[in-house]
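Here the structure comes first, spelled out in structure tokens, and everything after it is commentary.
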Amino acid sequence: MEKLKKVSAYKLASLLRLQQDPKLALQLFLNPNPPDPSPKPFQHSPKSYDVILTKLGRAKLFDEMETVLHHLKQETHIAPKEIIFCNVITYYARARLPDNALQTFHRIPTFRCRRTVKSFNTMLNALLICKEFEKLKEFFLDLENYACPDACTYNVMINACCLCGDVGYARKMFDEMLIKGIEPNGVTFGTLVNGLCANSMLEEACRLKDDMVRVYRVKPDGFIYVSLIKGLCRVNEVDLALKLKEEMLESKVEMDSAVYSTLISALFKVGRRGEVSSMLEEMKRNGCKPNTITYNAIIFGLCNEKDFDSAFGVLNEMEVSECKPDVISYNVIIGALCREGKLREANDLFEDMPRRRCAPDVVSYRTLLDGLSDGMQFKEAALILDEMLFKGYVPRAVSINNYVAGLLREGETSLLWTVLDSLAGGNCIDIDTWRMVVSMVSDKDKLPKPCEFVDALIMEQNDGS
DNA sequence: CTAGGGTTAG
């Protein structure tokens with residue numbers, strides 16, 4: 001029999017990379033040579049640590065991630081790169097766990113790793129992601145004692161100020177960086193322009209774009225133009241937005257599909273649908289491929305015009321192209337069909353999604369449930385409800401309320417019982433729905449007495465848990 | 001992946 005070869009650290013890193021399931025990857029990491037009883041632990045490469053931490057962090061398997069970090073701490077022959085911890089901090093931030101992020105930040109030195117302004121900035125941004133603005137301010141003031149702030153530090157701070165709606169303070173940060181001799185870069189201006197647009201200060205934003213060349217000698221890039229174009233489109237200044245697009249072409253700023261996606265969606269919004277196809281042509285001519293976002297903008301525009309034939313046309317076109325529709329493409333059409341009372345079509349498209357290789361998500365279910373319930377297709381709605389509860393998708397409280405109210409109004413007694421039963425099983429009836437059911441039921445003789453009725457449901461709910 | 005942009009359903 002062939003002797004089992006021991007796996008090398010190098011080989012293991014690539015095996016880990018290939019393993020899609022993060023938990024299985026962890027098993028492999030903890031136990032690389034299953035039949036090997038040797039007492040000395042496997043020597044992992046730094047790459048393996050990187051790969052496994054990334055997988056676990058993305059999957060939000062934080063206990064497991066900490067286990068691996070604990071291993072890493074013991075591996076005295078490895079000096080981990082700072083970026084590893086930056087990533088861990090960001091995973092915690094995305095899960096809204098600022099304290100875990102902070103803890104990670106403080107532990108960096110115990111891993112034989114030198115902490116620089118990079119991890120400071122990452123931590124600063126983590127607090128921004130968590131919307132912990134007070135802590136962020138505190139941390140920023142603290143930061144100056146440890147490291148030298150750089151452009152990135154100020155860019156995060158400017159972004160934070162803008163998100164809080166305090167453009168004045170963002171300006172102050174900008175001035176402070178100039179005083180300290182830190183040169184603003186493209187990101188600085190992009191953040192500022194975006195912040196000005198978001199706070200409806202379009203004139204100032206446009207002026208800043210011109211100043212950045214004239215005064216600071218930084219050339220505006222696509223990011224900045226897209227921010228401005230979006231800002232102008234939001235207030236229906238589509239012609240000014242189109243002018244900016246021309247300016248991009250003239251000054252040879254690299255074009256990308258974001259510019260065109262924004263403009264196309266704006267053209268629909270102001271009722272200039274006729275210009276969309278030539279915009280698409282131009283887009284392709286300039287080397288920008290329309291992507292899913294572009295097509296979703298088109299589908300949304302067409303649906304708002306109730307042109308479902310064209311919307312389906314685009315959807316089908318996407319399916320045979322390399323740019324596949326996503327769940328949003330479907331949800332947009334299903335939602336629009338429901339609004340128009342085309343429930344049959346909405347249901348058909350929903351049921352066709354698996355065949356089209358797109359799994360319906362919680363929004364698909366909620367949209368269809370609302371549509372069916374509003375359109376008094378109570379039986380179909382009950383089927384969808386059961387299916388979504390089975391999958392662990394919970395309807396919105398308003399939807400439940402509306403649906404139950406509809407059943408009560410139309411005297412759908414037996415269906416009402418079934419639906420309440422399902423909802424109680426899914427543990428998703430709020431107090432308002434109960435109140436409504438009880439008060440409506442109490443004056444109808446054909447239904448069980450309210451107290452018995454509620455008792456029965458509560459007992460059932462207790463049994464379930 | 002230390003920092004900035006685009007469509008959009010509930």
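Order of the sequence lines fixes the chain letters, A, B, ..., with proteins taken first and strands second; residue numbering starts at 1 for each chain.
Counting all heavy atoms, side chain and backbone alike, A:C323 lies closest to A:P290 at SG-O, 4.3 Å.
Separating the CD1 atom of A:I158 from the C1' atom of B:dA3 is a distance of 10 Å, rounded to the nearest angstrom. Here the C1' atom of nucleotide B:dG6 and the OH atom of A:Y225 are 17 Å apart, to the nearest Å. Distance, A:I229 CD1 to B:dG6 C1': 10 Å, rounded to whole Å. For the pair A:N401 CG and B:dG10 P, the interatomic distance rounds to 19 Å; values are reported in whole Å. Atom pair A:L163:CG and B:dA3:C1' shows a separation of 12 Å (rounding to whole Å applied). Residue A:M318 contributes atom CE, which lies 16 Å from atom P of B:dT7 at whole-angstrom precision. Taking atom CE of A:M212 as the reference point, atom P of B:dG5 lies 15 Å away to the nearest angstrom. Between A:I264 atom CD1 and B:dG6 atom P there is a gap of 16 Å when expressed in whole angstrom units.
Taking 4.0 angstrom as the limit, A:K230 places a side-chain polar atom (N or O) nearer than this to OP1 or OP2 of B:dG6. OP1 or OP2 of B:dG5 lies within a sub-4.0 Å distance of a side-chain N or O belonging to A:N194. Contact annotation: A:R339 reaches the phosphate of B:dG10 (side-chain N/O to OP1 or OP2, under 4.0 Å). For B:dT8, one of the phosphate oxygens OP1 or OP2 lies less than 4.0 angstrom from a side-chain nitrogen or oxygen of A:K269.
The side chain of A:V226 has B:dG6 as its nearest neighbour among B:dA3, B:dG10, B:dG6. Of the candidates B:dG4, B:dA3, B:dG6, B:dG4 carries the atom nearest the A:T191 side chain, counting heavy atoms from C-beta on. Comparing B:dG10, B:dA3, B:dT8 against the side chain of A:V362 picks out B:dG10 as the nearest. For A:I224, the side-chain atoms get nearest to B:dG4 when compared with the rest of B:dG4, B:dG5, B:dG10. Candidate nucleotides B:dG6, B:dA3, B:dG10 were compared by shortest atom distance to the side chain of A:R366, and B:dG10 ranks first. Taking every side-chain heavy atom of A:A297 into account, B:dT7 is the closest of B:dG10, B:dA3, B:dT7.
Among the atoms of the strands shown, base atoms are found under 4.0 Å from some heavy atom of A:G186. A:S257 comes within contact range of at least one nucleobase, with a heavy-atom separation under 4.0 Å. Residue A:S261 is in base contact, counting any heavy-atom pair closer than 4.0 Å across all strands shown. Among the protein residues, A:V332 comes within range of the sugar-phosphate backbone only, with heavy atoms under 4.0 Å from sugar or phosphate atoms but none that close to a base. As judged by a 4.0 angstrom heavy-atom cut-off over every strand, A:D370 is placed among residues touching the sugar-phosphate backbone only.
For A:D221 against B:dG5, a side-chain-to-base donor-acceptor contact under 3.5 Å is absent. Contact annotation: side chain of A:T367 to base of B:dG10, donor-acceptor pair absent below 3.5 Å. One cannot find a donor-acceptor pair under 3.5 Å joining the base of B:dG10 and the side-chain atoms of A:N331. Interface remark: the A:N185 side chain does form a donor-acceptor pair with the B:dA3 base, using a distance-only criterion of under 3.5 Å.
Ring-centre distance between A:F268 and A:F300: not below the 6.0 Å cut-off.
Figure legend: cation-pi geometry between A:R115 and A:F105, with NZ or CZ positioned under 6.0 Å from the six-membered ring centre and within 45° of its axis.
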For this session: Kindly indicate, with the supporting measurements, whether the criterion side chain to side chain contact (heavy atoms under 4.5 Å, CB included) is fulfilled by A:L127 and A:K137.
Result: CA-CA 9 Å; A:L127 292 172; A:K137 213 167 157 187; over 6 Å; no
For this session: Start with the C-alpha distance between A:R396 and A:R366, add both sets of side-chain angles, then the distance that settles side chain to side chain contact (heavy atoms under 4.5 Å, CB included), and finish with yes or no.
Result: CA-CA 7 Å; A:R396 293 178 308 146; A:R366 287 176 178 176; 3.9 Å; yes
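Taking the charged nitrogens against the carboxylate oxygens, A:K289 and A:E322 do have a contact shorter than 4.0 Å, which makes a salt bridge.
A donor-acceptor contact under 3.5 angstrom links the side chains of A:D386 and A:S422, judged on distance only.
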